[in-house]
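Since the structure comes first, as structure tokens, the remarks are kept for the end.
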Amino acid sequence: MHRLAIFALWAGLFCLAPLVPRASADSAGISATRAGTLSIEAMTSPEVAAAIRAGRRTIILPTGGIEQNGPHLALGKHNAIVALTAQAIAAELGDALVAPVIAVTPQGDVARREGHTAFAGTITIPPAVFEAVLRAHVESFAAHGFTTILIIGDSGPAQAPQARLAEAMDRELAPRGVRVLALGDYYAENGGEEHLVRRGHTREVSGRHAGLRDTAELLAAGPALVRLDLFTGATPGVDGDPPRATSALGEELLQLKVAAAVHEARRRLAEPRHSAAGRSSGMLGWLASLFPG
């Protein structure tokens, strides 16, 4: 899988060599993909226009979050992870560029100090505001010639509003031949939990938030954002066993997220529009409640 990921990355970059900076291949797999490889924010406007004319009409819109992750993981955990996986997904698809990460997402009601908002540093916005921000991004992309807009989110509370917005805009932009899909499998159906069980880790060890799973992924995506020496045991806001995490395990988990997103994108884009609607916002909301990280 690692060799295939690297091959797809370099194959995709070769046709855009004059347009985008190359990735650093100093390690294997997902971690070899560096921010900026296919990012429109690292390109000039004429370079983006040229890439669209050359056939890169898919854009990936990643969303992350600023939320507490215990004493050992930085607040920007989701942003670091999704910035990296979005690059790898774009490379696998072969015709995609990557939008800047939407770094602030719904995290609960700050007035009631619910969920992550009870902890210092967490930033939240209402779901309706989040959907409006997504809509503005999608409208911008469609206006400039992107015909496929794929939304991926690394945080649970973002899943339902992303699904609602994508379904609505997929209908609205259908007359213009534009597809808008929220790839929920990236978050909810990537097989990561089952993979950890096969590796001998219980669900309790893996944890729902800031545990082994989250820590492993961040060790692979942004090791400078991990401070395992500060984790001293059971801590409010942490569920699971972070010290068991390794970057190698995180690499495997990130590969699963990328594979799930690529598979869903290809499957749904091959289906007729009317049958390719995403999961209901109710189901995604329920899944988000199970996996708050």
Heavy-atom closest pair, residues [X] and [Y]:
{"X": "N79", "Y": "G64", "value": "OD1-CA, 3.1 Å"}
{"X": "P157", "Y": "Q107", "value": "CG-OE1, 4.4 Å"}
{"X": "P106", "Y": "P127", "value": "CG-CA, 3.9 Å"}
{"X": "I66", "Y": "G76", "value": "CD1-CA, 4.1 Å"}
{"X": "R113", "Y": "T117", "value": "NE-O, 3.0 Å"}
{"X": "H144", "Y": "S140", "value": "ND1-O, 3.0 Å"}

R57, CZ atom: more than 12 neighbouring heavy atoms under 6.0 Å =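 Enclosed: over 12 neighbouring heavy atoms sit under 6.0 Å from CZ of R57.
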Within a radius of less than 6.0 Å around NE2 of H195, do more than 12 heavy atoms belonging to other residues, nucleotides or ligands occur?
->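 Yes, the 6.0 Å shell around NE2 holds more than 12 heavy atoms from other groups.
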Looking at [atom1] of [X] and [atom2] of [Y], how far apart are the two atoms once the value is rounded to the nearest 0.5 Å?
{"X": "E251", "Y": "L256", "atom1": "CD", "atom2": "CG", "result": "10.5 Å"}
{"X": "F146", "Y": "D95", "atom1": "CZ", "atom2": "CG", "result": "10.5 Å"}
{"X": "L75", "Y": "F119", "atom1": "CG", "atom2": "CZ", "result": "11.5 Å"}
{"X": "L219", "Y": "D214", "atom1": "CG", "atom2": "CG", "result": "11.0 Å"}
{"X": "Q162", "Y": "S155", "atom1": "CD", "atom2": "OG", "result": "9.0 Å"}
{"X": "L150", "Y": "L93", "atom1": "CG", "atom2": "CG", "result": "6.5 Å"}

Taking it one step at a time, do D154 and K77 satisfy salt bridge (charged side-chain N to carboxylate O under 4.0 Å, His left out)?
-> CA-CA 9 Å; D154 207 67; K77 173 195 73 181; over 6 Å; no
Taking it one step at a time, do L73 and L225 satisfy side-chain contact (heavy atoms from CB on, under 4.5 Å)?
-> CA-CA 6 Å; L73 300 181; L225 302 178; over 6 Å; no
Is [X] reaching over with its side chain to a backbone N or O of [Y], donor-acceptor style, under 3.5 angstrom?
{"X": "E67", "Y": "H116", "result": "no"}
{"X": "E114", "Y": "V110", "result": "no"}
{"X": "H209", "Y": "Q68", "result": "yes"}

Qualifying side chain to side chain donor-acceptor pair (under 3.5 Å) pairs with a residue from residues 218-239, counting only residues at least two apart or across chains |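 Listed once each, the pairs would be none.
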Any pair with a residue in residues 121-135 that passes side chain to side chain donor-acceptor pair (under 3.5 Å), sequence neighbours left out, goes on the list, sorted by first then second residue, please.
->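 Checked against side chain to side chain donor-acceptor pair (under 3.5 Å) - neighbours excluded - the pairs reaching residues 121-135 are E131-R164, R135-E172.
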Among the clusters formed by ILVMFWY side chains lying less than 4.5 Å apart, do [X] and [Y] turn up in the same one?
{"X": "V205", "Y": "V238", "answer": "no"}
{"X": "L218", "Y": "L253", "answer": "no"}
{"X": "L181", "Y": "I89", "answer": "yes"}

Result of checking R268, R179, R176 against D170 for salt bridge (Lys or Arg N to Asp or Glu O under 4.0 Å) =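 That would be R179; it is the only one of R268, R179, R176 passing the salt bridge (Lys or Arg N to Asp or Glu O under 4.0 Å) with D170.
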Salt bridge (Lys or Arg N to Asp or Glu O under 4.0 Å) partner of K257, chosen from E189, E252, E217, E92 |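 Among E189, E252, E217, E92, the one meeting salt bridge (Lys or Arg N to Asp or Glu O under 4.0 Å) with K257 is E217.
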Measure the shortest side-chain to side-chain distance between F141 and V178 over non-hydrogen atoms and say whether it is less than 4.5 angstrom.
->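 Counting from C-beta outward, F141 and V178 never come under 4.5 Å.
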Beyond-backbone contact of L38 with I60, side-chain heavy atoms, under 4.5 angstrom |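 No. Closest side-chain heavy atoms not under 4.5 Å.
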Report the hydrophobic cluster partners of L230, with the cluster defined as I, L, V, M, F, W, Y residues connected by side-chain heavy atoms closer than 4.5 angstrom, directly or transitively.
->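 None; L230 is a cluster of one.
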Considering the options L212, L249, L196, T215, which one meets the side-chain contact (heavy atoms from CB on, under 4.5 Å) requirement together with R244?
->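 Exactly one candidate clears the test, L212.
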Apply ring-ring contact (aromatic ring centres under 6.0 Å, His included) to F231 and list each qualifying residue two or more places apart in sequence or on a separate chain.
->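 Testing F231 for ring-ring contact (aromatic ring centres under 6.0 Å, His included), a comparison that skips the adjacent residues, returns H72.
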I102: side chain to side chain contact (heavy atoms under 4.5 Å, CB included) partners, not counting sequence neighbours |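 If we apply the side chain to side chain contact (heavy atoms under 4.5 Å, CB included) test to I102, skipping adjacent residues, the hits are L61, T63, F130, V133, L134, H137.
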Among all residues two or more places apart in sequence or in another chain, which pass the side chain to side chain contact (heavy atoms under 4.5 Å, CB included) test with P126?
->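 So P126 forms a side chain to side chain contact (heavy atoms under 4.5 Å, CB included) with V129.
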